Enquirer: 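Structure provided below as structure tokens; questions to follow.
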Amino acid sequence: MDSARKLAAGGRCRGGGSRIKDIGAALGNVEALPNQRSRFAAFAFLLQRCANSKALCDGRLIHAHLTRHNYDTSTYLANWVVKMYGDCGSLAEARAVVDCLPNANAYSWNILIKAYCKNGLCRQAVECFYKMQRCGIAPTHVSFVSVLEACASMAALEEGKLIHAAAVKAGYEGHVVVGTALLNLYGKCGSLEDARIVFRQMPNRDVVTWSAMITACAQNGHGKEALEWYNRMEENGIRANQFTFVSALDACASLAALEQGQKIHTSVVLYGYERQAIVGTALVHMYGKCRRLEDARRVFDQLHQRDVVCWGAMITACAQNGHGKEALNLFSRMQSDGFKANHITYASALDACASLAALEKGQELHASIVDSGLEGETGIGNALVDMYGKCGNLKDARTVFSRMRHRDLVSWNAMIGACAQNGHGEEALDFFHQMRSKGVKPDHLTFLSILTACKHAGKVDEARQYFVSINENHGIAQTRGHYMCLIDILGRAGRLDDAEDLIKNMPLECGASCLQSLR
DNA sequence: GTAGGGTTAG
């Protein structure tokens, strides 16, 4: 209905925003303006409108008009045309304009580099950065910022380091935005030490710099350090904004640091961000990880606007806290509210089915996943294997696993776990050997399934060998679960002396909790 | 009179 109305109004292209009703009349009006300065301003305005509403067809008409009326000698107007094509997602046309421009300047190239970045064509963005220099245009601080963003998206550390050196040489080392882009690059590349060095050496830092530092720590598994930076930022009198809060809450979630999370929540409310979708989602996520489902729900219910991401956070919070039924209810409500499930919300709903052993509901979801064409997603395949395994349907778990195009550690763990939990110990070990031969590194969960598989297959000595190898060959610390499983195996085999020896040699904190469980 | 950095769910 809505699109029909747009068509009736004369819209020819897809996209939102406010359109120019009659482009021909608009161009005529511009031509009637008394001087070149006002005509240029008006053309720029029209191109900007097209860019904002992604009206590519109208934009092309304006471009054609400019060419026909010899305005194409103006680099300024050409740059607006480049921006329009870039914002409309037509990178080839944007590129062609720059390539044909006799007097392309730094703006022309910077707009093009940014357009490539925005459309995920990072390699082309980097190539443009070098091309502009071959064309004799020196990169500005904006060029560096955009090209560093491209490197960050690709996690291209070596390329980024070369550009870092070039930025220093060009005298942009002390520039706050360039510095923040460098910090972000190192964070995204997992090189936290480089991020810290950049931060320390920056002469000026603003709230964006601090937030980027908190994000870099939070996203590299250094939640504690992220919160230290957050506190230090407050001490420095820098006022946090929604970005800062989201990153700090992410750190709290990863640490399950409820108290710190609650403190940040208080500040979020104080600054008026609580009902904002992204901040609210971060709060829901944090409370979910801290096992405070009621608090998560309170935030979720108060959000002004919900998107599929915050629905996903709430559904996951339920699924992971033993409220599978509520997770599935929310999943249905999300769809009746008009949001289409994606691979993440499907995975959480399957997770809920797995925890409820709700095979029928899981099969129903599987059918919708096939219909929506998401079956090929690795995360979906993993969740399906896990769901079928936990629902006792090993046959379908095998089928889904065998059809997966790409298998990661989680896929192998799900398959090995499915076999082990359903009493197919030998098959689990067979999958484990296949996994090893494909070069996939096992983790502590893999070994928990392997020990369970040994239990079912009655392989006592193999279990001991696997147990020792967890630490000796794979450098993974044995968990309480590993100990419990092996003690159980030894106990069932009547090897009580061995079980007792194992308990005696356990790390203290692990042993105490094991003994408690045994009693 | 154009271009720039940091955020959310599995």
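Throughout, a chain's letter reflects where its sequence line sits, starting with A, and its residues are numbered from 1. Remember, predicted model here, so these are calculated numbers, not experimental data.
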Enquirer: Figure out the CG/P separation between A:L249 and B:dT7, and round it to whole Å.
Expert: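 Atom-to-atom, A:L249 to B:dT7, this comes out as 14 Å.
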Enquirer: Can you measure A:N220 atom CG to B:dT7 atom P for me and round it to whole angstrom units?
Expert: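 It is 12 Å, rounded to the nearest whole Å.
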Enquirer: Would you check if A:Y107 stacks with the base of B:dA3, given a 5.5 Å centroid limit and a 30° plane limit, both strict?
Expert: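 Check failed, A:Y107 does not stack on base of B:dA3.
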Enquirer: Could you state the CD1-P distance from A:I113 to B:dA3, rounded to the nearest angstrom?
Expert: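 These atoms are roughly 14 Å apart.
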Enquirer: Quick check on B:dG10: is either OP1 or OP2 less than 4.0 Å from any side-chain nitrogen or oxygen of A:K289?
Expert: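 For A:K289, the contact criterion (side-chain N or O under 4.0 Å from OP1 or OP2 of B:dG10) is met.
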Enquirer: For A:D206, answer base if it contacts any base atom (sugar-phosphate contacts may also be present), sugar-phosphate if it contacts only those atoms, and nothing otherwise; contact means non-hydrogen atoms under 4.0 Å.
Expert: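 Here A:D206 touches the bases of the nucleic acid.
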Enquirer: Starting at OG1 of A:T316, measure out to CG of A:N321 and round the result to the nearest 0.5 Å.
Expert: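 If I round to the nearest 0.5 Å, the distance is 10.5 Å.
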Enquirer: So what does A:N79 hit on the nucleic acid, given a heavy-atom distance under 4.0 Å: a base, only sugar-phosphate, or nothing?
Expert: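 The residue A:N79 makes base contact.
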Enquirer: Does the side chain of A:K118 get closer than 4.0 angstrom to OP1 or OP2 of B:dA3 through an N or O atom?
Expert: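 So the side-chain polar atoms of A:K118 never come under 4.0 Å of the phosphate oxygens OP1 or OP2 of B:dA3.
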Enquirer: When the distance from CD1 of A:I111 to P of B:dA3 is rounded to whole Å, what number comes out?
Expert: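 Atom CD1 in A:I111 sits about 6 Å away from atom P in B:dA3.
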Enquirer: Contact class for A:T75 (heavy atom, under 4.0 Å): base, sugar-phosphate, or nothing?
Expert: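 Counting heavy atoms under 4.0 Å across all strands, no contact is made by A:T75.
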Enquirer: Would you mind telling me which of B:dT7, B:dG4, B:dG10 lies closest to the side-chain atoms of A:I278?
Expert: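 Given the options B:dT7, B:dG4, B:dG10, the side chain of A:I278 is closest to B:dT7.
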Enquirer: From the set B:dT7, B:dG5, B:dA9, return the single nucleotide nearest to any side-chain atom of A:N342.
Expert: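 The answer is B:dA9.
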Enquirer: Looking only at side-chain atoms of A:N105, point me to the closest of B:dT2, B:dG10, B:dG6.
Expert: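 Closest nucleotide to the A:N105 side chain: B:dT2.
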Enquirer: Begin with the C-alpha distance, continue with both residues' side-chain angles, and end with the deciding distance and a verdict on salt bridge (Lys or Arg N to Asp or Glu O under 4.0 Å) for A:E159 and A:R123.
Expert: CA-CA 11 Å; A:E159 183 92 63; A:R123 184 40 55 200; 3.3 Å; yes
Enquirer: Taking only N and O in the side chain of A:N184, is any of them less than 4.0 Å away from OP1 or OP2 of B:dG6?
Expert: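 Yes, within the criterion.
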Enquirer: Search all heavy atoms of A:H406 against all heavy atoms of A:S411 and return the closest pair with its distance.
Expert: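 Scanning both residues, the minimum pair turns out to be O-OG, 4.4 Å.
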Enquirer: Output yes when a side-chain donor or acceptor of A:R292 lies under 3.5 Å from a complementary backbone atom of A:Y287, and no otherwise.
Expert: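 No, because the side chain of A:R292 does not come within donor-acceptor range (under 3.5 Å) of the backbone of A:Y287.
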Enquirer: Touch check for A:V176, heavy atoms < 4.0 angstrom, all strands: base, sugar-phosphate only, or nothing?
Expert: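 Base, at least one base heavy atom under 4.0 Å.
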Enquirer: Just the rounded figure in Å: distance from P of B:dG5 to NE2 of A:H141.
Expert: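 Rounded to whole Å, this separation is 11 Å.
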Enquirer: Select base, sugar-phosphate, or nothing to describe what A:V279 touches, counting heavy atoms under 4.0 Å on all strands.
Expert: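 Counting heavy atoms under 4.0 Å across all strands, no contact is made by A:V279.
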Enquirer: Rounded to whole angstroms, how far apart are CD on A:Q242 and C1' on B:dT7?
Expert: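 A:Q242 atom CD is separated from B:dT7 atom C1' by 8 Å.
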Enquirer: In terms of side-chain heavy atoms of A:V207, which of B:dG6, B:dT8, B:dA9 is nearest?
Expert: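 Of the options given, the side chain of A:V207 lies nearest B:dG6.
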Enquirer: Is A:N110 side chain donor-acceptor paired with the B:dG4 base, going by distance under 3.5 Å alone?
Expert: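 Checked by distance alone, the answer is no.
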Enquirer: Any idea which of B:dT7, B:dA9, B:dG5 is nearest the A:T316 side chain?
Expert: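 Selected nucleotide (nearest to the side chain): B:dA9.
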Enquirer: Mind calculating the distance between CZ (A:F43) and C1' (B:dT2) to the nearest angstrom?
Expert: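 It works out to 16 Å between those atoms.
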Enquirer: With a 4.0 Å cut-off, would you call A:K361 and A:E364 a salt bridge?
Expert: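 Salt bridge flag = yes for A:E364 with A:K361.
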Enquirer: Among the nucleotides B:dT2, B:dA9, B:dG5, which one has an atom lying closest to any side-chain atom of A:V177?
Expert: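 My answer, after comparing the listed nucleotides, is B:dG5.
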Enquirer: Report yes if the distance between the aromatic ring centroids of A:F129 and A:W109 is under 6.0 Å, otherwise no.
Expert: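 They do not qualify: ring centres at least 6.0 Å apart.
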Enquirer: Check this for me: does the side-chain of A:S348 come within 3.5 Å of the base of B:dG10 through a donor and an acceptor?
Expert: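 In this structure, the two groups form no donor-acceptor pair.
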Enquirer: Which part of the nucleic acid, if any, lies within contact of A:Q219, taking any heavy atom under 4.0 Å across all strands shown: a base, the sugar-phosphate backbone alone, or nothing?
Expert: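 Since only primed, P, OP1 and OP2 atoms lie under 4.0 Å of A:Q219, the category is sugar-phosphate.
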Enquirer: Any chance you could lay out the ring pair (Phe, Tyr, Trp, His ring centres under 6.0 Å) test for A:H175 and A:F144, step after step, and finish with the verdict?
Expert: CA-CA 11 Å; A:H175 193 289; A:F144 281 107; over 10 Å; no
Enquirer: With sugar-phosphate meaning primed atoms plus P, OP1 and OP2, does A:T140 contact a base, only sugar-phosphate, or nothing at under 4.0 Å between heavy atoms?
Expert: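 It contacts base atoms.
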Enquirer: Touch check for A:H285, heavy atoms < 4.0 angstrom, all strands: base, sugar-phosphate only, or nothing?
Expert: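 It contacts sugar-phosphate atoms only.
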Enquirer: So what does A:D351 hit on the nucleic acid, given a heavy-atom distance under 4.0 Å: a base, only sugar-phosphate, or nothing?
Expert: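 Here A:D351 touches no strand at all.
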Enquirer: Starting at CZ of A:F144 and ending at P of B:dG5, how long is that distance when rounded to a whole Å?
Expert: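 One finds 16 Å between P of B:dG5 and CZ of A:F144, rounded.
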Enquirer: Should the side chain of A:S146 and the base of B:dG5 be counted as holding a donor-acceptor pair, with the cut-off at 3.5 Å?
Expert: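 Result: no qualifying N/O pair found.
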